[in-house]
Amino acid sequence: MTAETETPRTAGSCCSSTGSCQDGAADVQVGGVTTVYEVKGMTCGHCEGAVSEEISGIDGVSSVKAEASTGRVTVASRAPLAEDAVRAAVDEAGYELVGLA
């Protein structure tokens, strides 16, 4: 499963009408810098959505793609991100940033 921050969601639910947190995965938009992080604790689409939402709130982030099955989060941004900002966003979502993948 993957989650992207631009994914429409069903009202009252974190998931789409199909029961997943996505309606067809699109590739992460490339623009500037693409960085892959390892995040511990993601197990489902809801986890992917929570991590994606928090990281997408960091200034300069253009897209986020989280994959629970691999524990990887791919982030496209205008410039390199401060690791503390990514760590704080992942912590806020309730997961643990291991570091760069």
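Please read all numbers here as calculations on a predicted model, not as lab measurements.
- Here the shortest heavy-atom pairing between Ala50 and Ala93 reads O-CB, 3.7 Å.
- By the 4.5 Å heavy-atom criterion applied to side chains, Val73 and Val36 are not counted as neighbours.
- Screening Leu81, Val98, Ile55 against Tyr37 for a side-chain contact (heavy atoms from CB on, under 4.5 Å) leaves a single residue, Leu81.
- Among all heavy-atom pairs drawn from Ala79 and Ser77, the shortest one is O-OG, 2.7 Å.
- Every residue meeting the salt bridge (charged side-chain N to carboxylate O under 4.0 Å, His left out) condition with Glu83, not counting sequence neighbours, appears here in chain and number order: Arg87.
- To the nearest 0.5 Å, atom CE of residue Met42 and atom CZ of residue Arg72 are 10.5 Å apart.
- Qualifying salt bridge (charged side-chain N to carboxylate O under 4.0 Å, His left out) partners for Asp59, counting only residues two or more places apart in sequence or in other chains: Arg78.
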**Message:** Using the rule given for side chain to side chain contact (heavy atoms under 4.5 Å, CB included), can you reason through Val75 versus Val61, listing the C-alpha separation, both sets of side-chain angles and the distance that settles it, and then say yes or no?
**Reply:** CA-CA 7 Å; Val75 180; Val61 171; 4.0 Å; yes
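- Rounded to the nearest 0.5 Å, atoms CD (Glu67) and OG (Ser52) are 10.0 Å apart.
- Residues Ile58 and Val64 share a hydrophobic cluster, clusters being chains of Ile/Leu/Val/Met/Phe/Trp/Tyr side chains in contact below 4.5 Å.
- The minimum heavy-atom distance linking Glu54 with Ala89 is given by the pair CB-O, 3.3 Å.
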